[in-house]
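Since the structure comes first, as structure tokens, the remarks are kept for the end.
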Amino acid sequence: MSVPEHIAIIMDGNGRWAKKRGLPRNAGHTAGAKNVEDICVAAKKLGVKYLTLYALSTENWSRPEAEVRALMRLLSGYLDKAIKTAHENRMHIRVIGDITRLEPKFQRQIIEAERVSSVYDELNLTIAINYGSRDELVRAVRRVGADIKAGTLAPEAVSEELFAGYLDTRELPDPDLLIRTSGEQRLSNYLLWQLAYSEFYFAQVPWPDFDEAQLVRAIDAYENRDRRYGGIREE
Ligand code: FPP
């Protein structure tokens with residue numbers, strides 16, 4: 001089996017990483033954002049085509065306001081840099097999630113980063129911001145309903161494939177591998193539809209410590225698994 005084409009990651013453990021060092025939680029997020037850059041480079045080098053990262057969930061709004069603001073600042077700073085380095089990195093950036101709740105300036109920045117990077121596809125980086133899988137599914141169902149009501153879609157025409165085209169991830173293949181760092185083994189409302197057949201890998205280290213060697217270990221574990229899709233094993 002070869003390198004997974006698409007890896008989805010739940011970047012957990014920034015807070016614990018910071019606490020262990022006696023630092024504020026936001027220092028953990030800053031280290032986590034820096035690690036995103038390193039992992040993008042490593043993923044591209046290893047031949048991964050799609051990387052989809054969970055940066056801010058619909059549930060994260062319940063965190064202290066200062067922490068949410070700091071996360072937004074980090075994401076905004078990251079996108080700002082990405083707009084400037086798009087050519088050099090040849091990376092297509094996409095954002096999934098309901099961005100309508102974000103500051104208008106931040107929304108414009110997202111649209112701009114997606115636009116300037118859309119000509120590239122050496123690595124496809126998708127960042128989930130204000131993302132929740134159930135929310136994504138509900139938004140998709142609403143759009144399907146609207147098209148049926150408008151008479152442009154027949155209910156019988158709704159298939160798994162067609163429905164996937166209404167999701168935020170419509171331009172992406174399903175992930176082959178999901179990685180969650182920091183020892184937790186939960187999906188936390190991430191890509192519930194898209195992860196139906198993916199392999200799961202749980203790393204013990206917190207996200208800021210998840211380096212290239214850790215990524216290689218996750219890919220090795222993936223390559224050694226026997227993916228059966230409920231079918232008969234190929235001899
Ligand atoms: C989970 O750690 C992590 C997050 C909620 C945020 C992830 C965000 C980043 C890594 C920064 C920016 C991202 C990009 C794409 C530039 P936690 O705070 O839940 O950690 P804990 O469980 O140890 O408290």
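Each ligand, and each atom within it, is numbered from 1 in the order the structure gives. Bear in mind the structure is a predicted one, so any value in this text is a computation, not a measurement. Computed over heavy atoms, backbone and side chain alike; hydrogens, waters and symmetry mates excluded.
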Using only atom types and a distance under 3.5 Å, with no angle test, would you say the side chain of [X] pairs donor to acceptor with the backbone of [Y]?
X	Y	answer
Thr181	Ala203	no
Arg143	Tyr166	yes
Asn224	Asp220	yes
Arg225	Phe200	yes
Tyr54	Ser188	yes
Ser76	Phe106	no
Asp38	Asp211	no
Asp174	Ala196	no

- Atom pair CG/CD of Leu177 and Glu5 - distance to nearest 0.5 Å: 12.5 Å

- Cluster overlap Tyr50 with Leu167, hydrophobic side-chain contacts below 4.5 Å: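 No.
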
- Closer than 4.0 angstrom: is that true for some heavy atom of Arg63 and an atom of ligand 1? yes

- Message: Using heavy atoms and a 4.0 Å limit, tell me yes or no: is Glu184 in contact with ligand 1?
- Response: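 Judged by the 4.0 Å heavy-atom criterion, Glu184 does not count as contacting ligand 1.
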
If you have a sec, work out which protein heavy atom is nearest [atom] and how many Å separate them, to one decimal?
atom	value
atom 20 (O) of ligand 1	Gly15 N, 3.0 Å
atom 6 (C) of ligand 1	Ala55 O, 3.3 Å
atom 12 (C) of ligand 1	Ala33 CB, 3.9 Å
atom 22 (O) of ligand 1	Arg16 NH2, 2.8 Å

Under 4.0 Å from a heavy atom of [X]: which atoms of ligand 1 are those, numbered in the order shown and with their elements?
X	value
Gly32	10 (C)
Asp12	1 (C), 2 (O), 17 (P), 19 (O), 20 (O), 22 (O)
Leu71	6 (C), 8 (C)
Arg25	17 (P), 18 (O), 24 (O)
Tyr78	16 (C)
Asn60	5 (C)

- Item | Option nearest atom 14 (C) of ligand 1 (shortest heavy-atom distance, choices Asn14, Leu75, Ile93) |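 Looking at heavy atoms only, Leu75 sits closest to atom 14 (C) of ligand 1.
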
- Note on the structure: Check: of Glu67, Met11, His29, min heavy-atom distance to atom 11 (C) of ligand 1 comes from His29

- Less than 3.5 Å between some nitrogen or oxygen of Trp207 and one of ligand 1, yes or no? no

